[in-house]
Amino acid sequence: MTRHGRNSTANPVYSYHERKSASARSGYGSLKARLGKDSIKEFDCCCMSLQPCKDPVITPEGYLYDREAILENLLHQKQAISKQMREFEKQKEKLDAEDARIHNADEIARTRQFLETEKQITTKRVNAATPTATTKVASEAATSASTAGSTAAGEGQRQASAASASGGAGAGASKEADPMHSSALPSFWVPALTPQAKPTLVKKPDKHPTCPMSGKPLKLKDLIPVRFTRINDDDRRPDVAKKSRYRCAVSADELGNHVPCAVLRKSGVVVTLECVDKIIRKDMIDPTTGYKLQEKDIIRIKGGTGFAASAAGEGQHLEAKAPRPVAQF
């Protein structure tokens with residue numbers, strides 16, 4: 001083995017490990033991180049505050065919110081919509097006034113052109129015996145045509161000599177006529193000649209606020225109150241410190257991220273999906289109140305467990321990406 005046989009730089013191939021280490025040191029290349037269980041919120045936590053809900057409500061899509069947080073968000077959205085609507089109305093009035101001004105200018109230009117055309121129309125009767133300006137011009141053109149033939153030959157020779165003499169001058173004239181070589185191009189240093197960008201137009205906002213998670217329109221009447229059934233224990237710690245806080249209202253099973261849950265719309269109680277499949281779907285009756293249920297009355301709580309298979313079923317992505325400049329090796 002040679003002296004530099006163990007040197008990694010002697011390898012002619014840029015390996016994957018070397019590429020990763022060089023990207024980490026240089027700051028190039030996109031970063032990826034796998035989200036684990038600690039990055040997934042608890043099933044009973046608000047989707048906005050990420051804290052256990054004090055007054056939980058759920059949307060028809062299955063997203064759980066604290067009532068105070070979602071009401072504050074909807075109020076903020078309504079204020080932003082009203083502000084954007086006022087800006088849109090002001091912009092619309094300005095554009096309408098500009099269009100009216102351009103339309104009036106076009107009308108004035110057409111009127112002036114019509115009046116100029118009317119002035120050129122003669123209203124006097126023309127006598128055929130008296131010579132008019134048209135006949136005089138025609139006679140003069142006939143006499144000049146006869147004299148032009150005699151001078152055509154001499155003029156052609158003079159033009160040929162002039163063309164050879166002005167060959168160099170023609171190139172300079174073509175450069176002056178070319179806009180790329182013109183000295184009157186827009187200048188970025190002179191404010192009067194600087195090209196100006198068009199103003200950004202304000203888009204018309206949606207009239208209804210949307211759900212922060214699903215992006216669908218959300219109204220106050222769509223929020224469904226949720227009633228969790230607490231576990232009977234003597235633990236007086238706050239809810240954040242407890243690992244197990246609630247149980248199923250029918251089967252009394254412990255609820256958690258590893259147990260898929262659903263909310264019954266009419267009563268608001270939380271049950272497990274296993275209870276729904278084995279008990280409730282048989283006769284579609286709420287076990288706690290006896291009300292008749294429909295399929296839309298069973299709302300599954302959106303949540304994740306941190307496992308890839310469960311996240312794929314919930315439509316979640318457990319991989320975080322941070323794009324950065326890419327180095328080509």
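Source: prediction; values computed, not measured.
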Does [X], at its [atom1] atom, have more than 12 non-hydrogen atoms belonging to other residues, nucleotides or ligands within less than 6.0 Å?
{"X": "Asp206", "atom1": "CG", "result": "no"}
{"X": "Glu107", "atom1": "CD", "result": "yes"}
{"X": "Lys292", "atom1": "NZ", "result": "yes"}

Could you tell me which non-hydrogen atom of [X] sits nearest to which non-hydrogen atom of [Y], and how far apart they are?
{"X": "Phe43", "Y": "Asn257", "result": "N-OD1, 2.8 Å"}
{"X": "Thr59", "Y": "Cys211", "result": "CG2-SG, 4.5 Å"}
{"X": "Ala262", "Y": "Ile298", "result": "CB-CG2, 4.0 Å"}
{"X": "Cys46", "Y": "Lys41", "result": "O-CD, 4.0 Å"}
{"X": "Arg265", "Y": "Lys296", "result": "NH2-O, 3.1 Å"}

**OP:** Could you list the residues that satisfy side chain to side chain contact (heavy atoms under 4.5 Å, CB included) with Glu93, not counting sequence neighbours?
**Re:**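 Expected list: none.
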Subject >> Lys/Arg N to Asp/Glu carboxylate O, Glu295 vs Arg281, below 4.0 Å >> reply: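 Judged by the 4.0 Å cut-off on N to carboxylate O distance, Glu295 and Arg281 do form a salt bridge.
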Subject >> NZ/NE/NH1/NH2 to OD/OE distance under 4.0 Å, Glu274 and Lys278 >> reply: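 Salt bridge flag = yes for Lys278 with Glu274.
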**OP:** Report yes or no: do Ser267 and Asp286 form a side-chain donor-acceptor pair below 3.5 Å?
**Re:** yes
Are side-chain heavy atoms of [X] and [Y] found at a separation under 4.5 Å?
{"X": "Arg300", "Y": "Cys261", "value": "no"}
{"X": "Leu293", "Y": "Leu264", "value": "yes"}
{"X": "Asn73", "Y": "Met48", "value": "yes"}
{"X": "Lys54", "Y": "Asp66", "value": "yes"}
{"X": "Val57", "Y": "Ile224", "value": "no"}
{"X": "Glu89", "Y": "Met85", "value": "yes"}
{"X": "Leu255", "Y": "Cys248", "value": "yes"}

